[in-house]
Amino acid sequence: MNEYLPLLIMGAVIGVITIAFIVVYKMFGKINPEDDFERNMADGEIIKRLLVYIKPYYKTFIVVFIIMLFSIVYELISPLITGKLIALIQEDFELPQLFSIVAMYVGILIVSLICTYFQAMILQKIGQKILSDIREDVFTHIEKLSHEQLNNIPVGKLVTRVSNDPNAISYMFTNILVTLIKNVMVMFGVLGAMLLLNYTLTLMILCLMPFVCLFTFVFRVFSRKVHRAVSNATTALNTYLSENLSGIKITQIFNQEDRKMSDFLEKSDNQAKAKHNRMYVFGIFRPMIYMLNVVAILCLFYLGSKASITGATWFGQTIDASIIVSFYLYISRFFNPIQTLAEQFDMLQRSFASAEKIFTIMDLVPDVVDGDETIELENIRGEIEFKDVWFAYNPGEWILKGVSFHVHPKQTVAFVGATGSGKTTILSLICRNYDIQKGQILIDGIDIKKIKISSLRKHFGQMLQDVFLFSGDIRNNILLNMEGVSDEDIMEVCRYVNADSFINKLENGLDEVVRERGNNFSAGQRQLLSFARTIIHKPSVIILDEATANIDTETELLIQDSLEKIRNIGTMLIVAHRLSTIQHADNIIVLSKGEILEQGNHQELLKQKGHYHQLYTLQFHKHNLLEQANM
């Protein structure tokens, strides 16, 4: 009995560790809804959806698979060759025999290394293509989302989905997927070789497999949880950075740097803790597998050596030194893939977590989409009609209540009213940034829901209060990748809207660098560039939403002159708080709490002495008071 005491001790240690794993799993292994994120997709569903990106490159993957088979040969044959060398050394042998065996070993090793190199190079190229495909799909889908959906998703979250998450998935295709297949094939190949060499020792090693399966299952559960925690923490940090770096000037103005730094450190610490937890989970699993590897080797040496020394047989099979050496190498090749699977599984769960978040975005169905029988509009006259339109951003909270009006082609119509009266909402609905709940909106007598969204919007030119300029130069910001336009045409449009007045003073003209959001230009200059950008695309309907707000008087005069020229281009819709900018409008619609109070031209509304008259009188007196104060 004493001779088997070491085996009993090892068995007891493994049993205690196994019980501890089971207890920990029962206590903490279940995933709580509050620990999860948007959704909980099954691994099978994620794999099925990711395989779509492999399909275009399946022939290349077949080539990689064939190359991989050659590299696996070394893993399977080298232990047998080593065992044969041990057996040869124990007997009388000729040097040519030794040289031939060594040459065979080196040859197989070189072939394996060459195959591994080409496998890695091919996979890296495929991985980059798949990475581009995923990013393109995600970005394209984000572009299809409605304004309401985009408003509900933090920008930092979208940035993470397009930039960080596809990287993790790409790594799965370039490394994890093929390595997993290779490791599984090596494991089964090694198992088959061991069975052929000595099935009794193989059965001894297989006694440890239930513990390998148990440890892997427990690790899988905890690995999924910690990867989700890391992904959530990273998204939260990116979202915070995206928002606060954009608004850092406000932080400085109100002297809130310390508080913002405190918030940043808190989110950074949360991410660090999540990564530490992932590291702890991974740090426990790999030593456990290594422990089973050591136990298998000890059992091999203890039982195999006894049988070899005493000459005993197990189930009719003899054990000698060459078999022990070959099995020692085979055990390492059997457990090494399992240990590597820990790393691969770690990365696989990271990839699945990233894929799950990407598919969460991809599964968002755009609120505003083309119907089944939509049409293309090559040209429009610019006639717009609202028929009893009702709209609410949130159910029951009506922003527009039965609004009806008619805009004739090439007419200039202005919308006036207090903040929240529905002015900007009307402009957004015309372009189908949102869909109405009741009523009908017509363009040239056609319901806008029957017109393709891209066809509809290409006829509109919008100039907003907050002009967004992209990093690059002035030329690209005006053209927005529009082709076939010469610099002379660009400058002609700039002169038309008075933007040439400052462009000609710039050292580089149209090549002048535009920094992020155009912060190296004044608000008025950005607005004039917005006018030029709109006009060069030749819209049939021009929308101005507070385009003259927050600019100086001199620039306002330039913009007023530009507006007079633009009025001749097509239908113009204007939202403005400065009533001086809309006095020449053909029709002024006064809104209050989502309803039309009155409409008419400037003189007609003043004669009615209604709401518009009150607004105009108030602004007139305010303007006079400011002039007196400046004198």
Side-chain angles (χ1 to χ4, degrees), residues 47 50-51 53-86 88 97-134 167-197 202 205 286 289-290 293 322 325-348 350-351:
I47 293 173
L50 288 176
L51 287 176
Y53 292 98
I54 295 181
K55 189 175 181 180
Y57 312 102
Y58 77 94
K59 292 181 180 179
T60 310
F61 275 103
I62 291 174
V63 173
V64 171
F65 180 75
I66 294 172
I67 293 174
M68 183 178 63
L69 291 178
F70 285 100
S71 65
I72 290 175
V73 172
Y74 169 76
E75 304 285 345
L76 301 180
I77 296 180
S78 58
L80 290 175
I81 296 176
T82 305
K84 189 173 180 63
L85 279 172
I86 297 297
L88 187 65
Q97 289 179 285
L98 180 63
F99 290 154
S100 63
I101 294 176
V102 172
M104 182 188 301
Y105 185 93
V106 173
I108 295 173
L109 176 61
I110 292 174
V111 171
S112 176
L113 292 175
I114 293 174
C115 291
T116 302
Y117 169 78
F118 281 106
Q119 173 186 311
M121 293 299 294
I122 294 172
L123 284 176
Q124 286 299 322
K125 291 181 179 179
I126 295 177
Q128 291 304 312
K129 292 178 181 178
I130 292 175
L131 176 64
S132 298
D133 292 342
I134 294 174
N167 283 330
I169 298 176
S170 173
Y171 187 78
M172 183 185 74
F173 289 122
T174 58
N175 190 294
I176 300 173
L177 192 62
V178 174
T179 305
L180 277 172
I181 295 173
K182 179 180 178 180
N183 286 336
V184 170
M185 293 179 66
V186 167
M187 287 171 58
F188 281 103
V190 167
L191 186 61
M194 288 193 298
L195 284 170
L196 292 174
L197 189 61
T202 305
I205 294 170
R286 190 180 180 96
I289 299 299
Y290 183 71
N293 184 8
S322 64
V325 171
S326 294
F327 254 82
Y328 169 73
L329 296 175
Y330 272 132
I331 287 174
S332 297
R333 280 162 172 74
F334 184 74
F335 279 95
N336 276 343
I338 297 177
Q339 294 181 42
T340 305
L341 283 175
E343 292 184 29
Q344 300 301 321
F345 200 84
D346 179 74
M347 292 300 301
L348 183 64
R350 188 179 305 179
S351 299

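Please read all numbers here as calculations on a predicted model, not as lab measurements. Numbers here simply count residues along the sequence, with the first being 1.
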Flag side-chain contact, heavy atom, 4.5 Å: [X] against [Y]:
X: D133; Y: Y57; result: yes
X: L113; Y: I110; result: no
X: S326; Y: L197; result: yes
X: M185; Y: M68; result: yes

Can you check whether L76's main-chain N or O pairs, donor with acceptor, with Y330's side chain at less than 3.5 Å?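 Between the backbone of L76 and the side chain of Y330 there is a qualifying donor-acceptor contact (under 3.5 Å).
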Donor-acceptor pair, S170 side chain versus L131 backbone, under 3.5 Å?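 Flag not set: sc S170 to bb L131 has no pair under 3.5 Å.
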Restricting to side-chain hydrogen bond (donor to acceptor under 3.5 Å, both in side chains), what partner residues turn up for Y328, sequence neighbours left out? none
Gap between atom OG1 of T202 and atom CZ of F334 - 0.5 Å precision: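 So the CZ of F334 and the OG1 of T202 are separated by 9.5 Å.
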What are the two closest heavy atoms between [X] and [Y], and how far apart are they?
X: Y53; Y: I130; answer: O-CG1, 3.9 Å
X: R333; Y: V186; answer: O-CG1, 3.8 Å
X: S351; Y: A168; answer: OG-O, 2.8 Å
X: C115; Y: I67; answer: O-CG2, 3.2 Å

Working for side-chain contact (heavy atoms from CB on, under 4.5 Å), residues V63 and K59: CA-CA 6 Å; V63 173; K59 292 181 180 179; 5.9 Å; no
Can you give the donor-acceptor pairs under 3.5 Å from side chains of residues 117-126 to other protein atoms, not counting sequence neighbours?
none

side-chain contact (heavy atoms from CB on, under 4.5 Å) assessment of F65 paired with K182: CA-CA 9 Å; F65 180 75; K182 179 180 178 180; over 6 Å; no
Could you pull out all residues at least two apart from S112 that satisfy side chain to side chain contact (heavy atoms under 4.5 Å, CB included)?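 Side chain to side chain contact (heavy atoms under 4.5 Å, CB included) check on S112 returns S71, Y74, T116.
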Would one find more than 12 heavy atoms of other residues, nucleotides or ligands at under 6.0 Å from atom CZ of F61?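 For F61, atom CZ is crowded (more than 12 foreign heavy atoms under 6.0 Å).
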Show the numbers, then the answer: is there a side-chain contact (heavy atoms from CB on, under 4.5 Å) between L51 and I54? CA-CA 5 Å; L51 287 176; I54 295 181; 3.6 Å; yes
